[in-house]
Number of protein chains: 2
Amino acid sequence: MSLTDHPRTAPLPLRRRFLQDTGMELQRCTVCGIRGQSICNAINDKELEILAQASSRLTFPPATTLIEEGSPAIAFFNVTKGTVKLFKSLPDGRRQITGFADVGHFLGLTNARTYSFGAETVDTVQVCRFLRPQLETLLTDYPLFERRLLTEITGELAEAQEQMLLLGRKTARERIASFLLARMMPPSPHADSAVEGQMVSLPMTRVDIADYLGLTIETVSRTLSALRREKIITGTDNHGIRVLAVSRLEDLASGQDNR
Amino acid sequence: MSLTDHPRTAPLPLRRRFLQDTGMELQRCTVCGIRGQSICNAINDKELEILAQASSRLTFPPATTLIEEGSPAIAFFNVTKGTVKLFKSLPDGRRQITGFADVGHFLGLTNARTYSFGAETVDTVQVCRFLRPQLETLLTDYPLFERRLLTEITGELAEAQEQMLLLGRKTARERIASFLLARMMPPSPHADSAVEGQMVSLPMTRVDIADYLGLTIETVSRTLSALRREKIITGTDNHGIRVLAVSRLEDLASGQDNR
DNA sequence: GGTCATTGTTGATATAAATCAACGACAAGT
DNA sequence: ACTTGTCGTTGATTTATATCAACAATGACC
């Protein structure tokens, strides 16, 4: 199956009803705050209304299924707010989260007629949805859009390879260290310099972290506690942690230093 | 870094001297037996000489380094014969093979200025090499070529996600079963029907299998022995195995049946 | 303000796979 | 034909992490 197939349109497989933003469709993309970070950036300012016509903006509450594993692949999403988790499952319920799609990332690209993975919102999520025929049109009419998509997916593949190294060869401690580093926010210029340590945002639960790192929730919890005890990280808030010793964490992540 | 960067040309990082096919360059692609299976298929018959000019065909002995981890990303390869392994390593030598590129597959695509992975031949390998500026030209001038590449890499990503599920959540037995199934040859019409069982080609060593599946060589060896003992597979040849019970193996691979 | 469900933490024990170790099969070279 | 090195197999033991179990913290809801 190739990307050039045009499957018939069908209702989106959603467990809950979603919210659809109304009005001002034609202006939406022009004012999109994250266009600079996303594939939409590849489309000319003057032609933005084409993008607006091709997409619709939707808002979903936490824990909403965006993509059901094995369901018909009819849409493609670009995340404009929040975090979406992508995963694959085994018949007995074991699950592997293959990635978190944060702001600016896309999801839903596939060659097959059905999705080989699932997707669920972690927190409140806003996306731009492109139906497949619309995506085809953009790809064909805007070479820069296609090139940008190729670049993005090449990056995804590199991340996937890094994650395979983590899952296949790293210890629990190394996995947690790598995860925290990968999710570390770049130090913002407006950062509260009175509070020390680099912020790490963890909107997902311990279950999600465990399913992403190929561990159990107990091991995740114990390892985070150990790092806290060793003053490498701080913070009692479950969804926000601060890294006190970035370089220690970097050594840990690459297996330089274990104790 | 984007695909549109043109890094300066530099000598290829090869431990050994490679063999370069000479003469008849312009005809080479026309007679390429595997074009139908590869990205080159996206280029029109009449324009094949453009492809021939953009690429050079090279032959390498087993265990040749095609790509050194971290070296400048100057080339892109299309495998026309043999098998190449792709991998990532940790400073202490732990290694994860992220994939095997068999006939028809490409390798070497990256957004960065350097490769984030290594590549080494498993057996005798023949490739078509495209230097990066040449690849750029093809991508820009032949939309079908670019589309084909996007389709291929989308498939690679799906495979990577499947492998993450394997590495993060499957048992040793499930990993071996999945691996054998994935490498099972499609039953050829000329197959020797006197010999029962589906052929599985394993050109790589036990070390490579272990590094691909996130196991040790001992576990790989023990698990294969167990499957042989249970009459699910046969064959004493280390690089060729026959699957006797495909459906048993499928159940095993998806965690349905373990004993 | 109490009940209940959800999420996370910590401790005790079990286990799958790693590690350590010995050896067999085979091919290359002398 | 013997040595040497590579590769794979099998057995004994260790260990990192899973599993099992109890409990604490939090927030939703009546």
Side-chain angles (χ1 to χ4, degrees), chain A residues 61-63 85 90 92-96 120 122-123 166-179 202-230 233-241 252 255 258-259, chain B residues 61-63 85 90 92-96 120 122-123 166-180 200 202-230 233-241 252 255 258-259:
Chain A
K85 59 191 181 202
L90 287 170
D92 64 5
R94 278 175 287 171
R95 190 182 65 152
Q96 178 63 38
E120 198 181 303
V122 168
D123 45 16
L166 179 148
L167 293 169
R169 291 302 184 210
K170 289 187 182 179
T171 65
R173 216 171 140 79
E174 289 161 359
R175 292 179 199 204
I176 294 284
S178 304
F179 175 65
L202 302 175
M204 67 293 292
T205 65
R206 292 289 184 268
V207 176
D208 288 340
I209 298 175
D211 282 352
Y212 181 56
L213 300 179
L215 300 171
T216 58
I217 53 171
E218 293 94 330
T219 300
V220 170
S221 185
R222 274 189 253 272
T223 307
L224 285 172
S225 297
L227 294 179
R228 216 176 279 122
R229 222 178 302 121
E230 296 167 38
I233 60 174
T234 14
T236 46
D237 176 6
N238 285 330
H239 297 286
I241 273 178
L252 274 176
N258 280 286
R259 58 192 49 169
Chain B
K85 59 191 180 199
L90 287 170
D92 64 5
R94 279 175 285 170
R95 191 182 64 152
Q96 179 64 38
E120 198 181 304
V122 168
D123 44 16
L166 180 148
L167 293 170
R169 291 301 184 211
K170 290 187 182 179
T171 65
R173 216 171 140 78
E174 290 161 358
R175 292 179 200 203
I176 294 284
S178 305
F179 175 65
L180 292 177
V200 178
L202 302 175
M204 68 292 293
T205 66
R206 293 291 184 268
V207 177
D208 287 341
I209 298 175
D211 282 352
Y212 180 55
L213 299 179
L215 300 171
T216 58
I217 54 171
E218 292 94 332
T219 300
V220 170
S221 184
R222 274 189 253 271
T223 307
L224 285 173
S225 296
L227 294 179
R228 215 175 281 122
R229 222 177 301 120
E230 297 167 39
I233 61 175
T234 14
T236 47
D237 176 6
N238 285 329
H239 297 285
I241 274 179
L252 236 51
N258 278 287
R259 60 191 47 169

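In what follows, chains carry the letters A, B, and so on, assigned in the order in which the sequence lines appear, proteins first and then strands, with residues in each chain numbered from 1.
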Base, sugar-phosphate, or nothing for T205(A), non-hydrogen atoms under 4.0 angstrom? sugar-phosphate

Please report the shortest heavy-atom distance between K170(B) and R94(A), naming the atom on each side. CA-NH1, 4.0 Å

So, for D92(A) and G255(B), which heavy atoms are closest and what is the spacing to 0.1 Å? OD2-O, 4.4 Å

Range on DNA chain D touched by chain B - first to last nucleotide, heavy-atom distance under 4.0 Å: dG8(D) to dA12(D)

side-chain contact (heavy atoms from CB on, under 4.5 Å) involving D123(A) - partner list, sequence neighbours excluded: T83(A), V125(A), P203(A)

Looking only at heavy atoms, what is the nearest atom pair of Y212(A) and L167(A), with distance? O-CD2, 3.8 Å

With sequence neighbours excluded, tell me which residues meet side-chain hydrogen bond (donor to acceptor under 3.5 Å, both in side chains) with S221(A). none

Which atom pair, heavy atoms only, marks the closest approach of V220(A) to R206(A)? CG1-CD, 3.8 Å

Residue pair F179(A) / L166(A), side-chain heavy-atom distance below 4.5 Å: no

Donor-acceptor pair under 3.5 Å: do we get one between R222(A)'s side chain and the base of dG8(C)? no

Holding to side-chain contact (heavy atoms from CB on, under 4.5 Å), I want the full list of residues that pass it with D237(B), two or more places apart in sequence or in another chain. H239(B)

So which protein N/O to nucleotides 21-24 of chain C N/O distances come out below 3.5 Å?
none

Please enumerate all residues that pass side-chain contact (heavy atoms from CB on, under 4.5 Å) together with T223(A), with sequence neighbours excluded. A172(A), R173(A), I176(A), T219(A)

Excluding sequence neighbours, so at least two apart, what forms side-chain contact (heavy atoms from CB on, under 4.5 Å) with T205(B)? V207(B), D208(B)

Nearest-angstrom distance from the residue atom CG of D237(A) to P of dG8(C): 11 Å

For residues R169(B) and E174(B), report the shortest heavy-atom separation together with the two atoms involved. O-OE1, 4.2 Å

Given L227(A) and I241(A), is the side-chain contact (heavy atoms from CB on, under 4.5 Å) satisfied, shown in steps? CA-CA 11 Å; L227(A) 294 179; I241(A) 273 178; over 6 Å; no

In whole Å, I'd like the distance from the CG atom of D123(A) to the C1' atom of dT7(C). 17 Å

Taking all non-hydrogen atoms of both residues into account, name the closest pair between I209(B) and M204(B) and its distance. CG1-CG, 3.7 Å

Whole Å only: how far is the CG atom of N238(A) from the P atom of dT6(C)? 17 Å

Between the protein and nucleotides 13-17 of chain C, list the N/O to N/O atom pairs that are separated by less than 3.5 angstrom.
residue : atom : partner : partner atom : Å
dA17(C) : OP1  : A172(B) : N            : 2.8

In degrees rounded to 10°, what angle is found between the helical axes fit to the five outermost pairs at each end of the helix from dG1(C)-dC30(D) to dT30(C)-dA1(D)? 30°

Considering heavy-atom distances to DNA chain C, does S225(A) or V220(B) have its closest nucleotide positioned more toward the 5' end? S225(A)

In whole angstroms, how far is the P atom of dA18(C) from the CG atom of L213(B)? 11 Å

